[in-house]
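Worksheet for the structure shown next.
Lettering follows sequence order; numbering is per chain, from 1.
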Amino acid sequence: MANSLRLYLTCIRNTLEAAMCLQNFPCQEVERHNKPEVELKTSPELLLKPILICRNEAEKCLIETSINSLRISLKVKQADELENILTKKFLRFLSMRAEAFQVLRRKPVQGYDISFLITNYHCEEMQKHKLIDFIVQFMEDIDKEISELKMSVNTRGRLVAAEFLKQFV
Amino acid sequence: MSATREFVEADNAEAIITRIEHKSRKIESLLKQSKPVEALKTALEGSPPNTRDERCKSANWIVVHRAIMAIKDLDALFSSLDPEYYDILMKYLYRGLSTGDRPTCDQCLRIHERLTEKAGLGCILRSLADTMNTV
């Protein structure tokens, strides 16, 4: 179980190291504009093949690269309804504060839970291997956070129910 | 030039599919003799590089998938596989990873890790960038 997570993260790390080859590229259609090509997808010669890495039926990771930007979309494992709600709320909380994270995208790509957009400017300001470390660490931590949240919700529910029902004993 | 190519491909598609069927019979017999490495080599050999036909690609993928799932010993695989097959294997691994089926993904992730150690990041980038010879 832990081994399959390790293999999944290693695969994503290797693919990101290979795919994160970004350079500045001003927009071809409009003068003096500089847009992340992976978002617009106007010219096929600027895009690489999108890669989908699935760990199992529930978890997957979509990596789309272009000449000046890279988009990573993650779908996190959600075992039951409670985890579903917790994941949605937690990741929406993070996405709304995307300014602080710089590489986070405000809305996840359709069909995924959270998305990152890395441009050539990020690669110039920050170190490439540190960016990749951040993303892999994020994926590891998300699972832990969601389980912690779930446990705290269950504990609180139990305590509240016990207190409430004491009056009927 | 491209018009003649489409014409050639339509004829070739049938020929390629029959070739793939022959290959799959050979691979089944190799697997029965417990030679999974040979089976994988045969599967990767005749990979249709220039067809755009989806059926040929799917037929070949089924054959390669069968061979990949039968592999147990990764060291033996990498000691006997020629480097020229690394790129094609990497492309098929990514195709396997996109299926989402748990045992396929487990196996593909295992092989992917070892293949990256052997072949390096260039192999991954070639499978991302190659639009002519897709699998």
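Taken to the nearest 0.5 Å, the CD1 atom of B:Ile124 stands 8.5 Å off from the CD1 atom of A:Ile51. Within the model, atoms OG of B:Ser98 and NZ of A:Lys60 stand 10.5 Å from one another, a figure rounded to the nearest 0.5 Å. For the atom pair CG of A:Leu7 and CD of B:Glu113, the computed distance is 5.0 Å after rounding to the nearest 0.5 Å. A distance of 9.5 Å separates OH in A:Tyr8 from CG in B:Leu97, rounded to the nearest 0.5 Å. Within the model, atoms SG of B:Cys123 and CG of A:Asn14 stand 11.0 Å from one another, a figure rounded to the nearest 0.5 Å. A:Glu57 CD to B:Asp101 CG: the interatomic distance, rounded to the nearest 0.5 Å, is 6.5 Å.
Shown here is A:Lys88, whose NZ atom has no more than 12 heavy atoms of other residues, nucleotides or ligands within 6.0 Å. Other residues, nucleotides and ligands contribute only 12 or fewer heavy atoms inside 6.0 Å of the CD atom of A:Glu81. For B:Lys26, the NZ atom sits in a loose shell: 12 or fewer heavy atoms of surrounding residues, nucleotides or ligands are nearer than 6.0 Å. The 12-atom threshold is not exceeded at CD of A:Glu99, counting heavy atoms of other residues, nucleotides or ligands nearer than 6.0 Å. In the displayed structure, B:Gln33 atom CD is contacted under 6.0 Å by more than 12 heavy atoms of other residues, nucleotides or ligands. Environment of CD in B:Glu84: crowded, with over 12 heavy atoms of neighbouring residues, nucleotides or ligands closer than 6.0 Å. For A:Arg13, the CZ atom sits in a packed shell: over 12 heavy atoms of surrounding residues, nucleotides or ligands are nearer than 6.0 Å. The 12-atom threshold is exceeded at CZ of B:Arg114, counting heavy atoms of other residues, nucleotides or ligands nearer than 6.0 Å.
Among all heavy-atom pairs drawn from A:Cys21 and B:Leu125, the shortest one is SG-CD1, 4.3 Å. Heavy atoms only, all atoms of each residue included: B:Leu121 and A:Ala18 are closest at O-CB, 3.8 Å. Contact record, A:Leu48 with B:Ala129: CD2-CA, 3.5 Å, taken as the closest heavy-atom pair.
Residue A:Ile53 touches chain B through both its backbone and its side chain, counting heavy-atom pairs closer than 4.5 Å. Contact of B:Ser127 with chain A is made through the backbone alone, with heavy-atom distances under 4.5 Å. In this structure, chain B has a heavy atom under 4.5 Å from the side chain of A:Thr10, while its backbone stays farther away. Of the atoms belonging to B:Arg95, not a single heavy atom falls under 4.5 Å from chain A.
Side-chain contact between A:Cys54 and B:Thr99 is absent, with no heavy atoms from C-beta onward closer than 4.5 Å. Taking 4.5 Å as the limit, some side-chain heavy atom of A:Thr15 sits within range of a side-chain heavy atom of B:Tyr94.
In the hydrophobic clustering of ILVMFWY residues, with side-chain heavy atoms under 4.5 Å counting as a link, B:Val37 and B:Met90 come out together. No single ILVMFWY cluster, assembled from side-chain heavy atoms under 4.5 Å apart, contains both A:Val76 and A:Ile85.
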